[in-house]
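As structure tokens, the structure follows; a few thoughts come after it.
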There are 2 protein chains.
Amino acid sequence: MTNIHDVARLSGYSVSTVSRVLNHKDYVTTETRAAVQKVIDELDYVPNDVARDLSRGKTMTIGVILPNLDHPYFVQLIQGITKAAFVADYHVILLSSRFEAEIERTYLAAFRRKAYDALIFTSHGLPLAEIATYQKYGPIVICQPPRDSGLSAAYAHRRQTYVQALTTLKVQGCQRVALLMSRPIAVSETSQATAEAYRIVYGESPRPAMLATDVITMADGQRAAERFIASGQTFEAIFANSDDIAVGVQRAYQQAKLPVPVLIGQEHQLSGELAQFPTIDHHCQIVGQQALQLAVSGEKRRIAIDSEFINNW
Amino acid sequence: MTNIHDVARLSGYSVSTVSRVLNHKDYVTTETRAAVQKVIDELDYVPNDVARDLSRGKTMTIGVILPNLDHPYFVQLIQGITKAAFVADYHVILLSSRFEAEIERTYLAAFRRKAYDALIFTSHGLPLAEIATYQKYGPIVICQPPRDSGLSAAYAHRRQTYVQALTTLKVQGCQRVALLMSRPIAVSETSQATAEAYRIVYGESPRPAMLATDVITMADGQRAAERFIASGQTFEAIFANSDDIAVGVQRAYQQAKLPVPVLIGQEHQLSGELAQFPTIDHHCQIVGQQALQLAVSGEKRRIAIDSEFINNW
DNA sequence: TTGTAAGCGTTATCAA
DNA sequence: TTGATAACGCTTACAA
């Protein structure tokens, strides 16, 4: 492994001069530069990035914690993040968490050990307060409303759009509305926004019987609907947490030969377009881009991106 | 920033002893270990990963080059790769290439600079021969048939399944079949496999007029079909390169009030299931897992995963 | 069982 | 404009 000392020795200059040549710094005569470059070319020498990182105290790497890539929300977020990272000349390192707090802790520990310059939580199982204590080791950005945690955040501002969507249901005369969620209200900001929008529009908290949680895939949506059917409840509308999931719901009713409730999806997926129900686009790519910006700049700030209700039919 | 020397000094032991405690090595008495650990805890000391990497000459990081995350193929590949990396205790660093050779070169250069322990190409714009010359800097794995490049590879074995799919079309009496591809035949192994399967089943090379390339999204599929329609050609069947794309095709014919050709999709997507056309599952997650295995182990080997034709209707 | 000291390969400060 | 040398923070022979 040839290193900077070899280049120095063979060129007759010092390592510092070689370093200056490598980093295109000033204070090197054209002749010196040429002579050093010649040796570099001859030896086919390249500097070592790890040594460079150590010396500079920076890795140009952002750790991105994400539970999985099963949901389009996370895929879009990652797309936005990598796109912005490419421009900013940062590397993105993928840290899968499966929503598990204990795994997230291992990444926080790695963050302390200087493995990444900054950390982005696309979702978090850990309490925000616990995450916030690691800010002393570098910038941390979350992709959800930061509440009073003092964390930087880029996130989709959902509630107002949820209110808008539910209002259209109410206007259509839908009184009995079921809500599907990916995670329990207690642990999910998104689920909370959904419940709160319901409260705002319908004037009361959603009753447990009209909720289904842990609905992630189309199959989950189908199962949730089957449980609704089996319970004997009838809903005039179902507010699903993705278009794919809405399709699962549609299927369940069709297979049971029952009238399909009014459906609203989310994430602006192909399936929603096909089945022609309204959807909500959370502009997750933009959220991801902003999150990366915050991570790189170290700015302590919250950026809310408005969601968009799409109702073309 | 407290370091290992501080711990050594305050504990009264040497850095090597501290290092042994940190790395849970033998040859440390219980008392010494306890004493050192006490100082570590008091100082709230953690080792620096970058320094560790430099010293060990390893980063525990695999660079994964991928053009984008727009296609489910790449998403699934990444899922498989990260899943396997998690188990193997490796980090995955995402390197977006947008299919551009010049960008890929920058990653190969970073690889030389020891930025990653190994490299996985989920797709490549560069010639395999050029990529292969970088193997002297560490393991490189590609996700396509490696031909005679001498590169390690994990990939979907597509041709036989393409033959199977096209055969069912032929058996149904479909003579005029159009083929949709994401990239031109000249640059894409997958497109080549498609064309070759056609040759095997139909006894002749596909004519240019029955091909559409650069078809990536559903909208592209729709446009491609519209061009077919405008050209006055009629096809009895269209072999699409994803289920979403097949849906785009379907749309174009429906909007033109024309009979929809027999459709076959790929990737086993939700849309295909909904529209109920046959599809091909390339088991990309498994491909990704195997690719990571190869990258980590450094084994020079090719692993072909059989694709699966799914025809439930 | 513990310690010394030489790496690992850069960058950065300061003197010349 | 160039060079010595001290960081950066850890691991690991080898010696004791």
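In what follows, every heavy atom counts, from backbone to side chain, and hydrogens, waters and symmetry copies are set aside. Throughout, a chain's letter reflects where its sequence line sits, starting with A, and its residues are numbered from 1. Nothing here was measured: the structure is a model prediction, and the numbers come from that model.
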Beyond-backbone contact of T61(A) with D117(A), side-chain heavy atoms, under 4.5 angstrom
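The answer is no, as the side chains (C-beta and beyond) never meet within the 4.5 Å cut-off.
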| query | Is the closest side-chain heavy-atom distance between T217(A) and D70(A) below 4.5 Å? | reply |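 The answer is no, as the side chains (C-beta and beyond) never meet within the 4.5 Å cut-off.
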Review point. Which distance, rounded to the nearest 0.5 Å, do you find between the CD1 of I140(B) and the OG of S149(B)?
Key: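 So the gap between those two atoms works out to 10.0 Å.
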**Prompt:** From F121(B) CZ over to Y107(B) OH, what is the distance, rounded to the nearest 0.5 angstrom?
**Reply:**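 Rounded to the nearest 0.5 Å, the CZ-OH separation comes out at 10.5 Å.
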Take the protein atom [atom1] of [X] and the nucleotide atom [atom2] of [N], then report the distance between them rounded to whole Å.
| X | N | atom1 | atom2 | value |
| --- | --- | --- | --- | --- |
| R9(A) | dA4(D) | CZ | P | 14 Å |
| Y13(B) | dT11(D) | OH | C1' | 20 Å |
| D6(B) | dC10(D) | CG | C1' | 13 Å |

Practice problem: Using a cut-off of strictly less than 4.0 Å between a heavy atom of the residue and any atom of DNA chain D, enumerate the qualifying residues of residues 28-37 of chain A by number. | Solution: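 Of all residues in residues 28-37 of chain A, the ones placing a heavy atom under 4.0 Å from DNA chain D are V28(A), T29(A), T32(A).
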Non-neighbouring partners of V187(B) that pass side chain to side chain contact (heavy atoms under 4.5 Å, CB included), sequence neighbours left out =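 Expected list: R183(B), P184(B).
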5' to 3', nucleotides 9-16 of chain C under a 4.0 Å protein heavy-atom cut-off (B base, S sugar-phosphate only, - none) gives BBBB----
Original post:
What is the ring orientation for F74(B) with F99(B), classed by angle as parallel under 30°, tilted 30 to 60°, or perpendicular over 60°?
Top reply: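 Taking F99(B) first and then F74(B), their aromatic rings stand perpendicular (interplane angle over 60°).
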Stepwise salt bridge (Lys or Arg N to Asp or Glu O under 4.0 Å) test for R112(A) and D44(B)
CA-CA 11 Å; R112(A) 278 193 64 181; D44(B) 201 21; 3.4 Å; yes
With sequence neighbours left out, write down each residue that passes salt bridge (charged side-chain N to carboxylate O under 4.0 Å, His left out) with D6(B), or none if nothing qualifies.
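With sequence neighbours excluded, D6(B) shows a salt bridge (charged side-chain N to carboxylate O under 4.0 Å, His left out) to R9(B), given in chain and number order.
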How bent is the helix from dT1(C)-dA16(D) to dA16(C)-dT1(D), comparing axes over its five end pairs at each side, to the nearest 10°?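 Computed angle between terminal axes is 40°.
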- Message: Test: side chain to side chain donor-acceptor pair (under 3.5 Å). Region: residues 73-83 of chain A. Which pairs qualify, not counting sequence neighbours?
- Response: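 The answer is K83(A)-Q285(A).
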*asked:* If you compare all heavy atoms of V28(A) against all heavy atoms of R20(A), which two are closest, and at what distance to 0.1 Å?
replied: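 Heavy-atom minimum between the residues: CG2-CB, 3.7 Å.
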